[in-house]
Enquirer: 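One structure, as C-alpha cells, below. Some questions next.
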Amino acid sequence: MYCQPLPAQTTSPTSVRSTATVRSSLSDAASEKKVEALLQKMTLEEKVGQLVQYSAGQPTGPGTGRSDYDDMIRKGEVGALFNITTAHNINAYQRIAVEQSRLHVPLIFGLDVIHGFRTEFPIPLGLASSWDPELIERTARVAAREASASGIRWTFSPMVDIARDARWGRITEGSGEDPYLGAAMARAYVRGYQGARLDATDSIAACAKHYVGYGAAEGGRDYNAVELSVHTLRQFYLPPFHAAVDAGTATLMSAFNSLNGVPASANPFTLKQILRKEWGFQGLVDSDYTAVAELVAHGVASDGSTAARKAFLAGVDMDMVSSLYHENLAQVVLSGEVPETAVDEAVRRVLRVKFALGLFEHPYADETREAGAMLQPESLSLARTAAERSLVLLKNASFSGGAPVLPLSNEARTIALIGPLADDPYNMPGSSSAQGRSEDVITLRMALIQRVGADRVRFAKGTDILGGSEEQFAEALKTAEQSDVVILALGENAPEMTGEAASRAYLGLPGRQQQLLEKIVATGKPVVLLLFSGRPLTLPWAFERVPAVLAAWFPGVQAGPALVRTIFGEANPSGKLAVSWPRSVGQEPLYYNALNTGRPSGNIDLTHPPKNGDEKYISRYIDEQNSPQFPFGYGLSYTDYRYGNLQIDKTQLSAKALNDELHGGERGVGTAINVSAEITNTGTRAGEETVQLYVRLRGTSVAQPVRALSGFQRVALAPGETRKVTFALGAEAFAFWNDQNRFSVEPARVTLWVSPDSSRGPEATLQITK
Ligand code: BGC
C-alpha cells in the first residue's frame, strides 16, 4: 500500500529523471553564497517584501482593493506577482523591480497553468484517465514552454488533492481518488513543468497544491472543514504530495481547509513535522489565496497580526494576496514574537527559487519569442492525442441486436448532431484554462463536418446547458427523426459548474438536458451520448437506455478531432476512470479503496427488501446499491481483452525482511515478488490496455482497503496478440501506516489481482509471515 516510502515508478525509464537535479539546483553552493550576500544587505522590510505576493491581474478570488503595485515593487515590498499575462506586461513590472528597487531583486510571476497555457489539454481528471504519466509529462512540458514565453515562471500546479467526492467542484482539477495513480501523475507534472533544469528559459517552477486534505471537504462543499485520521491522511492523502516533493517540486501551496480543527495554512504538524522534517522539503511554501487572512474566519486568530504570526510560524513562507505579512510581519519580529532568523530562512527559500530559475541573470521574457511559442503544430497534435487518451468508453451495446453502436460505420448516411455542447468552443477548454481561447477550439460539429461533409450532418442545439425552450426541443426531435443516427452532446458548463467554488448537491444533467435525452431516445434512433463534464454525473436512466456512452470530460482545444476520430474508430478508446462513477449522489463519498466494514454487503436486490437479520443488518442503503455505476479503473475499448495465467514467483514473504528493505535501503530498491499475467487481445482491432495490479492485506493491526492499486502498465496489443505483463512489487506494496504510528509491513494474508479495473480480474494469494 502506499505511504512512505513512495510506490515504485511506473513510467518508462526514459521519462524518469533524477530528482537530485532540481534539488541541488535549489541549493547549489554558488547561488547559496549569492543568497547570503543578498540577505545581508536587506532591511527587515525588504526581507518581508520577498514573502509578499499579490494578484495584479484578473483576480482569481476576493479582491484586496490594492493597486499600488508599482510603488510597492519600487520599495521592495513585494516578492511575487501573479495573474498578469503577456510578456510585455510582465516585463513592465519586472523592470521596476530590477531597475528601480534598491537591491534589484527580480519578481517571480505565477499563474494557474493547470492543463495547458494557450494550448489547452483535457482537464486533469481527463488526463488522469489516460493512466499515462509520460503523456502528462509531455503536456506539462508544452504548458511550460508556452507559459515561460509569456514570462510566467511559476505555475500553481499540479493539484494533487485526492478527491473521493464528485460533488466537490475541484475534482476536475486533480488526478482522482487513488494515491498510487495520483503519485505517478504528480511526479509526471513536476518533471514536465520543471524540465531537466529549472534555469532553462522554458522551464517553470511547479507548485503542488493544496497541502493538505482539501479534497476531503465535508459533504463535498468547497472550503469546508476536513477531518482525517492520521493513517488516512498518511496513507491516502499525503502520497501524491510526497511524490511531488520527491520529484523536486520547487514550491508547494498550503490549503484553505481546516484539518482536524487546525487550518492547513497554520498547521505545524503537516507543514513542519511532515513536510520539512520527515520529507526534507527545501522549497518554498506559498499560502493559498488569502488563506492567511482566513485564519481569522476559521477562528484560530482573533486579528490579522495573530493570523500572520501563526501562519508564518507554522511554516507558510509566502502570503498570497492577504497582505497580512506585508502589514504585520516586521512588527511581530520587532516585538519578539517571531525570530528574525525564521524570516531569514523563509527569504532564503524565496531567493533560492529565483536563483534556480535564473531570474537574476535573465529577468525578462523575450517578447519576440512569445507569439511563436503558442499553439505549435506538435503541441496541437499532442493535444489531440491527450484528448483521445482521456476519453472513457462507459457503455457500448448494440442497438438492434447487431454490432455495438460504436465505432460508427461510414454507412450512416445522415448524422444528427444534437446538444448544447456539440458546437461549443467556450466550454471545451474546461475550467482553470489559463490563456485558453474559444477561437482556438475545434468543436465536435466543425470536426464532424470536416470528416463526413456538411450535407450529412444535421445540427440542432436541442436546449441550452441551463434553460432552453420547447421550440428547441421540437427542432431537435425533427432533426433526430430525419437522421440515421444521433450523436448527443450533453453535460455541464465548465467555468460555472466545475472547478473552484462549484460544488454541486445534484449530479444529474443540468437544466432540461435529461428531458431532451429522453425525448431523443424515444424517437427510436440509435443514440451515442457524449458526456462533457468535470466530474462523473449520476445518470442511471441513460446508462440503462442509451446504447453507447462516452465520458469526454472537457477535452481541450482539439476536442472535435479527438472525438470524431474516436467515434469513427480511427482512435480506439483506452481511457480508464480515475474516479468511481456513482449511481446516485447519496453514495458520495464513493471510492473503491474503502474498508470492508464488519458487515459487508454485495449487490442486493432492491426490489425485495431483506426481512431477516442476516440480510437486513448489513452495511448498505435500503434504496441503492453500494457498488458504483462504473468502478475505478473501468473503461471499455472497441476490442476485448482476456486476462489469464496469473503467476506469482513466491507464496511466502517475511515481514522482517520486507521491513529491513523498507527502513534500511533506498526507496523502491529490492524486489520482493514478481506478479505476472497474460493479457490477450481477443477482438479484431488493435488497442492499448491499462493493466492494473491491486493488493489486499488481511490480518493487520489497522484494517486495510478491500483493494489498493499498487501498479499499472499500458500495453499495446494487436488483434490476437498475447503479452505477459510483469509487476515487480517491493516492500512498499505491502506496507501501511500501522497502529504503532509507523509505516511498516506486518504478517498478513495477501490477495493480489491483475485486472482491467478495480472490481474483477484473476487473483492469487500469498502469506507474509513474521
Ligand atoms: C485557488 C488556488 C489558485 C489560487 C491562485 C485559489 O483560489 O484555490 O488553487 O492557485 O487561487 O489563483
Side-chain angles (χ1 to χ4, degrees), residues 52-64 66 78-85 108-117 123-125 140 143 147 150 152-163 168-175 186 189-190 193 204-217 220-224 226 240-241 244 249-259 263-265 283-295 297-298 311 316-323 430-436 495-496 498-503 534:
V52 171
Q53 180 187 32
Y54 286 109
S55 161
Q58 181 68 28
T60 40
T64 52
R66 302 202 76 129
V78 54
L81 290 175
F82 68 112
N83 284 341
I84 306 162
T85 51
I108 175 172
F109 294 90
L111 190 78
D112 291 305
V113 181
I114 310 287
H115 51 112
F117 179 72
I123 54 167
L125 189 60
S150 266
I152 306 292
R153 297 300 304 282
W154 186 12
T155 175
F156 308 125
S157 170
M159 189 192 97
V160 301
D161 294 306
I162 293 299
W168 190 49
R170 300 196 82 169
I171 194 171
T172 182
E173 264 183 82
S175 296
Y189 278 108
V190 172
Y193 291 134
I204 60 179
C207 180
K209 71 187 188 184
H210 306 82
Y211 191 72
V212 56
Y214 186 36
R221 203 183 74 213
D222 209 359
Y223 318 120
N224 204 1
V226 170
F241 286 96
T249 185
T251 77
L252 199 129
M253 186 185 289
S254 68
F256 287 129
N257 56 283
S258 63
L259 176 63
S265 290
L284 159 71
V285 174
D286 194 12
S287 80
D288 202 345
Y289 201 108
T290 61
V292 175
E294 290 167 28
L295 298 182
H298 274 294
V316 174
D317 300 313
M318 187 180 271
D319 171 11
M320 183 190 276
V321 176
S322 91
S323 80
S431 63
S432 292
S433 51
Q435 289 296 288
E496 281 150 38
T498 77
E500 188 175 352
S503 293

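We number each residue from 1, following the sequence as shown. Order of listing sets the numbers, starting from 1, for every ligand and every atom in it.
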Enquirer: Partners of Asn83 by side-chain contact (heavy atoms from CB on, under 4.5 Å), sequence neighbours excluded?
Expert: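 By the side-chain contact (heavy atoms from CB on, under 4.5 Å) rule, Asn83 matches Ser55, Thr60, Leu111.
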
Enquirer: Between ligand 1 and the protein, which N/O pairs fall short of 3.5 Å?
Expert:
unit_1, atom_1, unit_2, atom_2, d
ligand 1, 7 (O), Glu500, OE1, 2.8
ligand 1, 7 (O), Glu500, OE2, 2.9
ligand 1, 8 (O), Arg170, NH1, 2.7
ligand 1, 8 (O), Asp288, OD1, 3.3
ligand 1, 8 (O), Asp288, OD2, 2.6
ligand 1, 9 (O), Arg170, NH2, 2.8
ligand 1, 9 (O), Lys209, NZ, 2.8
ligand 1, 9 (O), His210, NE2, 2.6
ligand 1, 10 (O), Asp112, OD1, 2.6
ligand 1, 10 (O), Lys209, NZ, 3.0
ligand 1, 12 (O), Thr60, OG1, 2.6
ligand 1, 12 (O), Asp112, OD2, 2.4

Enquirer: State whether the side chain of Asp222 and the backbone N or O of Ala501 hold a donor-acceptor pair below 3.5 Å, judged by distance alone.
Expert: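 Between the backbone of Ala501 and the side chain of Asp222 there is a qualifying donor-acceptor contact (under 3.5 Å).
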
Enquirer: Output all residues satisfying ring-ring contact (aromatic ring centres under 6.0 Å, His included) with Tyr189, sequence neighbours left out; order by chain, then residue number.
Expert: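 Not a single residue meets the ring-ring contact (aromatic ring centres under 6.0 Å, His included) criterion with Tyr189.
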
Enquirer: Can you list everything that forms a ring-ring contact (aromatic ring centres under 6.0 Å, His included) with Phe241? Sequence neighbours excluded, please.
Expert: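 In terms of ring-ring contact (aromatic ring centres under 6.0 Å, His included), with neighbours along the sequence ignored, Phe241 is linked to Tyr211.
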
Enquirer: Can you tell me how the ring of His210 sits relative to the ring of Phe256, calling it parallel under 30°, perpendicular over 60° and tilted otherwise?
Expert: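 Plane angle under 30°, so parallel.
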
Enquirer: Measure across Tyr214 and Asn257 and return the closest heavy-atom pair with its distance rounded to 0.1 Å.
Expert: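 Shortest heavy-atom separation between Tyr214 and Asn257 comes out as CA-OD1, 3.1 Å.
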
